[in-house]
Undergrad: 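Okay, handing you the structure first.
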Protein chains: 2
Amino acid sequence: MARRNDHTREEIQGMAIDATRTLIATEGLEGVSARKVAQQIGYTVGTLYQNFENIHELILHANAFSLTQLLAALEQAYHQESKPMQRIIRIANTYLDFGQMHEKQWAAIFRHTLPQGFVMPDWYQARIDALFSLIERAVWELAPGRDKKQIQLASRTLWSSVHGICILNIGNKLYSDNIATPQTLMQSLVTHYLNAWVREGSKA
Amino acid sequence: MARRNDHTREEIQGMAIDATRTLIATEGLEGVSARKVAQQIGYTVGTLYQNFENIHELILHANAFSLTQLLAALEQAYHQESKPMQRIIRIANTYLDFGQMHEKQWAAIFRHTLPQGFVMPDWYQARIDALFSLIERAVWELAPGRDKKQIQLASRTLWSSVHGICILNIGNKLYSDNIATPQTLMQSLVTHYLNAWVREGSKA
DNA sequence: TTGAATGGTAAACATTGTTCAATTATGCTT
DNA sequence: AAGCATAATTGAACAATGTTTACCATTCAA
C-alpha cells in the first residue's frame, strides 16, 4: 500500500467527515462542497472521490455522527430514574433541546435528501431504527400490558408529532415566542396524547 | 413599453411560475433550474432575471401556488357539516392526502430554504398564517369556552404534530406499511390529543 | 423620422459535482 | 540495490448551476 502522506485510508475518511461536520456546523448544509472539504484536510478533490462514492455519502457520514450524538443524549435521558411518563417527557425535551442547540446539524439531517436511485445505507438506517426503538421501550414501560402493535402505533404517532414540533421550531419560527415556548407545546402534546392513550387501554 | 413578443411582464411571470410548478411536479425541487424554466417559456435566463430577483423568489411563487391549493382543499374540508371533532379529523386527513397526492410539490414547500439574509415575503407568510388560522377556528368550535391563548397553544401543538406525521410519511417511509397506515397514526393523534385536551378544559 | 427607453439576448464569471489521464511515491521482487 | 508493479495523488477538464452585464433590437413618443 503506497501512500504519500502519513494518512491511512481510514484516517483520510475520518478527517473528511470531521471537516464536513465543521462545515455543516458553521455554514450549514449548503456550505458543504467537495473542494472545501478537500482543502480543509490538505488533499485534492480527486483523493476525496477515492474515499467516498460521492458528496452525499460524505454528508451521510457526517449526519450519522450527529445522529449518534443525539442518540447518546436520548439514552442518557432514558436512563435517569423516574416514572414512565416523566421519562418520555424528558426524552422529548432532550430531542427538542438537541435541535435547538445544534440547529445546523439538525437541519442537515432531515433536510438532506438522497438523489434518485440512491438507497439509504444500512448503517444509517440502523441509527434511525435505534432511535425509534428507544421510544418504543419508553412507551412500553408506560403500558406494559398493551400488545406490541399498539405500542408501535403509539410510539410512531408520538414521535412523528414530537419531530413535527421540533421542525416547526427551528428555522421558521412559527410561534411568536411570547405566546408559547416549544417546551410548552411539547409538554401539551406528550401529556395529553399519552394520558388519553393510557386511559383507552385501561378501558379495554 | 417595448416588447418583442406579445407577452406582458405579468404574463411572463405567470408562464415562468407555471413552468416551475411543472418542473417541481415532474422532477422535484432539484429539477428546477433557471435555464430549464427559461427554455420552457421560450425566453432566456436574462429575461427571467428581469422578472424575478433570483431563483428562490421563483420557487417561492410556485410553492405559494401549492399552498393556495392546499388551503383550498382544507377550506373545503372545513365547510362540510359535521361535529367539531370529526371536522378536525377530516381536515387533518385532507392535509395528509394532499401530501401523498402531490408529493413533490409538498416536499418542495417544506424542503426549500431561503438563503442567508433572505426574508420570507409577506404574501407568502400570509398563506401560512391562513392555514394556522383555519385550524384555530376548528379547534375553537370544539371548545368555545377556552380562552384564546389556550386555543392557540392547542392548535399549534396539534398542527405541528399533524405536520410531523405528514413529513415522516413521504419520502422516508418510516412505517413498514403492513403495520400501520399514516391515516391510522393521524386518527390516533387527533382523537387522543384532543379528547384529553377537551377533558382537561371541562375540569377547570 | 428620429431618438430615447425598454425588452431581450448571448456571452461571460464563479462555483458546483464528478471523472480521469498523468504523475509520483511506495513496497516488493529480483 | 535496482527496477518494477501497484497504489495514491494530483490537476486539469467537463457539464451544469446561479447571476450579471454589455450589447443589440424593437417600440413608442416627439
Side-chain angles (χ1 to χ4, degrees), chain A residues 1-17 19-20 22-24 26-63 108 111-119, chain B residues 1-17 19-20 22-24 26-63 108 111-119:
Chain A
M1 285 245 267
R3 53 197 142 80
R4 183 165 315 185
N5 290 9
D6 301 272
H7 295 125
T8 68
R9 227 178 159 70
E10 285 72 25
E11 280 173 330
I12 290 182
Q13 288 166 1
M15 286 158 54
I17 294 170
T20 306
T22 305
L23 277 172
I24 289 178
T26 53
E27 306 180 36
L29 185 58
E30 275 68 27
V32 177
S33 89
R35 283 175 181 83
K36 279 194 209 162
V37 172
Q39 196 216 346
Q40 202 87 54
I41 67 174
Y43 284 85
T44 353
V45 267
T47 300
L48 211 54
Y49 275 84
Q50 258 167 354
N51 287 276
F52 297 93
E53 193 66 30
N54 49 43
I55 198 80
H56 297 283
E57 195 196 338
L58 185 51
I59 291 172
L60 227 45
H61 273 97
N63 284 345
R111 200 112 58 180
H112 176 251
T113 51
L114 293 306
Q116 299 275 18
F118 209 95
V119 276
Chain B
M1 290 244 269
R3 52 199 143 83
R4 182 165 315 183
N5 290 7
D6 302 273
H7 295 125
T8 69
R9 227 174 159 72
E10 284 71 26
E11 280 174 333
I12 290 182
Q13 287 167 1
M15 285 159 55
I17 294 170
T20 305
T22 306
L23 277 172
I24 289 178
T26 53
E27 306 180 38
L29 186 58
E30 274 69 28
V32 177
S33 89
R35 284 176 179 80
K36 277 195 210 162
V37 171
Q39 195 217 348
Q40 203 86 51
I41 66 174
Y43 283 86
T44 2
V45 265
T47 301
L48 212 54
Y49 275 83
Q50 264 169 352
N51 287 275
F52 297 93
E53 194 64 30
N54 50 42
I55 198 81
H56 296 282
E57 195 196 335
L58 185 51
I59 291 172
L60 226 45
H61 273 97
N63 284 348
R111 210 137 20 205
H112 176 251
T113 52
L114 291 307
Q116 300 275 16
F118 210 95
V119 277

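In what follows, every chain begins at residue 1, and chains take the letters A, B, ... in the order their sequences are listed.
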Undergrad: Please produce a list of atom pairs where a protein N or O lies less than 3.5 Å from an N or O of nucleotides 15-22 of chain D.
TA:
residue, atom, partner, partner atom, Å
D:dG18, OP1, B:Ala34, N, 3.4
D:dG18, OP2, B:Ala34, N, 2.9
D:dG18, N7, B:Arg35, NH1, 2.8
D:dG18, O6, B:Arg35, NH2, 2.8
D:dT19, OP2, B:Tyr49, OH, 2.5
D:dT19, OP2, B:Ile55, N, 2.9
D:dT19, O5', B:Tyr49, OH, 3.4
D:dT19, O4, B:Arg35, NH2, 3.2

Undergrad: Are OP1 or OP2 of C:dG8 and a side-chain N or O of B:Thr47 less than 4.0 angstrom apart?
TA: no
Undergrad: With sugar-phosphate meaning primed atoms plus P, OP1 and OP2, does B:Ile12 contact a base, only sugar-phosphate, or nothing at under 4.0 Å between heavy atoms?
TA: sugar-phosphate
Undergrad: What integer distance in Å separates A:Tyr43:OH from D:dG11:P?
TA: 13 Å
Undergrad: Could you tell me which non-hydrogen atom of B:Asn63 sits nearest to which non-hydrogen atom of B:Ala108, and how far apart they are?
TA: ND2-O, 3.2 Å
Undergrad: Can any side-chain N or O of B:Glu11 pair as donor or acceptor with the backbone N or O of B:Thr8 at less than 3.5 Å?
TA: yes
Undergrad: Report the distance from atom CZ of A:Arg9 to atom C1' of C:dT26, rounded to the nearest whole Å.
TA: 15 Å
Undergrad: If I take atom CD in residue A:Glu57 and atom P in nucleotide C:dT18, what distance separates them, rounded to the nearest angstrom?
TA: 11 Å
Undergrad: Heavy atoms, side chains only, cut-off 4.5 Å: are A:Val32 and A:Ile24 in contact?
TA: yes
Undergrad: Which residue pairs pass the salt bridge (charged side-chain N to carboxylate O under 4.0 Å, His left out) test when at least one of the two sits in residues 27-49 of chain B, sequence neighbours left out?
TA: B:Glu27-B:Lys36
Undergrad: Please work out if A:Leu48 contacts a base, only the sugar-phosphate, or nothing of the nucleic acid, heavy-atom cut-off 4.0 Å.
TA: nothing
Undergrad: Roughly how many Å is it from CD in A:Gln39 to P in C:dT16, rounded to a whole number?
TA: 11 Å
Undergrad: Tell me, please, which residues at least two apart from A:Tyr49 pass ring-ring contact (aromatic ring centres under 6.0 Å, His included).
TA: none
Undergrad: If we only count heavy atoms from C-beta on, is the B:Gln40 to B:Met15 side-chain gap below 4.5 Å?
TA: no
